[in-house]
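Bear in mind that the values here come from a model prediction, so they are computed numbers and not experimental data. Only this structure's heavy atoms are used, side chains among them; waters, hydrogens and symmetry mates stay out. Note on naming: letters A, B, ... go to the chains in the order of the sequence lines (proteins, then strands), and numbering restarts at 1 for each one.
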Number of protein chains: 2
Amino acid sequence: MGRPTIADIARQAGVSKGAVSFALNGRPGVSQATRERILRVAEEMNWRPHSAARALGGSRAGAVGLVIARPARTIGVEPFFSQLLSGLQAVLSARSVALQLMVVEDTEAEIEVYRRWSSEHRVDGLILVDLQVHDPRIAVLEALALPTVVLGGPGRHGSLPSVWADDREAMLSIVDYLAALGHRRIAHLAGLPAFHHTQRRMRALRDAAKRLGLEEAVSVPTDFSDAEGAAATRALLARGRRPTAIVYDSDVMAVAGLGVAAEMGVSVPGELSIVSFDDSVLARIVHPALTALSRDTFALGGQVARVLLAALDDPAGVRDVRTPTPRLTVRESTAPPGLGRASKTV
Amino acid sequence: MGRPTIADIARQAGVSKGAVSFALNGRPGVSQATRERILRVAEEMNWRPHSAARALGGSRAGAVGLVIARPARTIGVEPFFSQLLSGLQAVLSARSVALQLMVVEDTEAEIEVYRRWSSEHRVDGLILVDLQVHDPRIAVLEALALPTVVLGGPGRHGSLPSVWADDREAMLSIVDYLAALGHRRIAHLAGLPAFHHTQRRMRALRDAAKRLGLEEAVSVPTDFSDAEGAAATRALLARGRRPTAIVYDSDVMAVAGLGVAAEMGVSVPGELSIVSFDDSVLARIVHPALTALSRDTFALGGQVARVLLAALDDPAGVRDVRTPTPRLTVRESTAPPGLGRASKTV
DNA sequence: CTGAAAGCGCTTACAG
DNA sequence: CTGAAAGCGCTTACAG
């Protein structure tokens, strides 16, 4: 007889379709006894909601969207995103909400997707990543009135709720550690300067340098690619008085930097300490293993999903959420400066 | 007035809703003149299809699904998948078909997702990856009668159409190259033995070893994790007569193996040649850069999407598609054996 | 607390 | 080639 519908259940249970709908959705409007009977029948018939019908009747699409804008030459979906996705889906699928994922070339294309999804009623809400300093997406999303949670901040996210970790505190923890080891010349291979978190990290480094009286502390912006990471590292290490420590904004760039150090005969950590702002398998498997900032990205994804679900129920009742600051995992790529080639190991 | 519907267009153009639907979907049933008028009106009103309504009225969900089953400890979504996704979406979104992506723990959970999606009418078709030798998913999908394209093969995919590249030929090209360099003892750090392509690679190595009269050619199965890749490499290199070349089934394992070689003071490529079966940023950025099998994974994704779309239109009219065999990109990690520590440097 | 009805925005036979 | 109508499977006011 094909898939059972609520009409079948209603007939079987001897009630109206409306009553079945109320019972199935846990709403008031049916007595406890009939509710249980209806649920039992639905179970017996192995009924499942038809997502399209539900979306048409109600006004929910039953899905939320996530668009990642990355130029093709960068790594694409990095370990960070795969962890985030898992965390998101763990929470969303428990509520039967699907996740629409899309990878596009740039912010313009990203905005187009939001407009299309909105007009096609594809999604009920959105997750916004890679927050920019002057972010054109914010105004668009406010205008579309699509419930959205921003991963990033604090600040620069307009009236949209944000889930954020403190990149400033994180950067300070790195610099404090390096300074404690004795480093006085620290370089920072930053990501895209348009990103909000890039600016916060750069600013934190400047502030820390002043406070600690460092001899040098420079941030070099890049496009996050391994190519620019390698090129910038080469330039830094070719200087007369080169930095004794480099902080990389991504694990991919950090690994590329490690390769350049090997290529130029600069020992790590003997002559150069390396810290990655992102932790992942990459940071662990290279040699020497990289000291890196670790965080529970899976849990972060779950947190974002919960905030978004709350926003769907009550767009006005949602507050910004601060998540734990990433913590430094020390491995083999950091040491006091100037140990020289003696410590080069292996 | 809210979003325009086909009823609005019909009123404005002075025709029936049915006529509008035909015109908008490029079907016969309206004259050329009225078709053009309708399209013009739709354009003026900035009409967009409501995906749920379309799914309910027709019987299409407007989406296809891809489930990736990976235990949490492996890298998750690898570069391979991100490329594949991009290729899939490039073709699918041109036809306004969404992609439902889900990451789960194991095959059992994966099958559950298929059953749920099927009964909820969430997707019109599926893409199946990581084909197994005895794959329980095949029978389930045949029974669900959900149009599905298998990425993998040839063989073992039942009545489902397959898009495949020849892993056997690919392995032979590696072994032939290593043998030509003079290697006589070759090891292969394979992936999960349950995977169809793992078996084909292992068998290809055995056959090549016999044909070439190699002294030793052993395949060691692993779970694809960096941990097992490292452990197995350690065991191989600790032997008396160790292999002079190791072929790794994934880039992550190859990088882990490279780390172990460094740790044990085995120079690459002087004392050990390393080849990765997967190419990616990882293979390029490490030092020495890894010789690897390259393929156009983006194009592969596009190909899979095209076959799936064809299967949606006509499930019976789809044939298996063979894609180009991956080709060896030689970098710095391979050399004739026994050059010894002299060539270590850099 | 419950039932009968209308409606969500499309698609698709079925008559003309 | 075209129009009027029914129907997809739900949800949600609106009466009782």
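- For R322(A), the salt bridge (charged side-chain N to carboxylate O under 4.0 Å, His left out) partners at least two apart in sequence or on another chain are D166(A).
- Regarding contacts with the backbone of dT11(C), a side-chain N or O of S21(B) is found under 4.0 angstrom from either OP1 or OP2.
- Between A63(A) and Q100(A), the closest heavy-atom pair is CB-CG, 4.2 Å.
- For the ring pair (Phe, Tyr, Trp, His ring centres under 6.0 Å) test, no residue two or more places apart in sequence or in another chain qualifies with H157(B).
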When the side chains of residues 301-318 of chain A are checked against the rest of the protein, which donor-acceptor pairs come out under 3.5 Å, sequence neighbours left out?
from    : atom 1 : to      : atom 2 : distance (Å)
D313(A) : OD1    : R60(A)  : NH2    : 3.3
D314(A) : OD1    : A316(A) : N      : 3.2
D314(A) : OD1    : G317(A) : N      : 3.4
D314(A) : OD2    : G317(A) : N      : 3.4

Which atom pairs link the protein and nucleotides 5-8 of chain C when you take only N or O atoms and keep those under 3.5 Å?
from   : atom 1 : to     : atom 2 : distance (Å)
dC8(C) : O2     : L56(A) : O      : 3.2
dC8(C) : O2     : G57(A) : N      : 3.2

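- Across the protein-nucleic acid pair, H121(B) atom NE2 and dC10(D) atom C1' stand 13 Å apart, rounded to whole Å.
- Rounding to whole angstrom units, CZ of residue F22(A) and P of dG3(C) are separated by 12 Å.
- Remark: P of dG9(D) and CZ of R122(B) are 16 Å apart, rounded to the nearest angstrom.
- Comparing dT11(D), dT2(D), dT12(C) against the side chain of R54(A) picks out dT11(D) as the nearest.
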May I have the list of side-chain donor-acceptor pairs in residues 38-46 of chain B shorter than 3.5 Å, sequence neighbours left out?
none

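- For I6(B) and dT11(C), the CD1 to P distance is 6 Å, given to the nearest whole Å.
- Under the side chain to side chain donor-acceptor pair (under 3.5 Å) criterion, T323(A) pairs with no residue, sequence neighbours left out.
- Spacing between atom CZ of R35(B) and atom C1' of dT2(D) amounts to 12 Å, rounded to whole angstrom units.
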Enumerate, atom names and distances included, each donor-acceptor pair closer than 3.5 Å involving a side-chain atom of residues 146-153 of chain A, sequence neighbours excluded.
from    : atom 1 : to      : atom 2 : distance (Å)
T148(A) : OG1    : L146(A) : O      : 2.8

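- Look at CD1 on I38(A): it is 15 Å from C1' on dC10(D), rounded to the nearest Å.
- Under the salt bridge (charged side-chain N to carboxylate O under 4.0 Å, His left out) criterion, R137(B) pairs with E110(B), D135(B), not counting sequence neighbours.
- Every residue two or more places apart in sequence or in another chain that forms a side chain to side chain donor-acceptor pair (under 3.5 Å) with T107(A) is listed here: Q132(A).
- The strand DNA chain C forms stems, runs of 3 or more Watson-Crick or G-U wobble pairs with distances below 3.5 Å, at C:1-3 with D:14-16, C:5-12 with D:5-12, C:14-16 with D:1-3.
- Using a 4.0 Å heavy-atom cutoff across all strands shown, R48(A) reaches sugar-phosphate atoms only and no base atom.
- Listed by first then second residue, pairs satisfying salt bridge (Lys or Arg N to Asp or Glu O under 4.0 Å) with a partner in residues 19-37 of chain A number zero, not counting sequence neighbours.
- Smallest separation of non-hydrogen atoms from Y114(A) and L128(A): OH-CD1, 3.5 Å.
- Near DNA chain D, defined here as any heavy-atom distance below 4.0 Å, the residues from residues 23-33 of chain B are G29(B), V30(B), S31(B), listed numerically.
- When rounded to the nearest whole Å, the span between CD1 of I9(B) and C1' of dG9(C) equals 11 Å.
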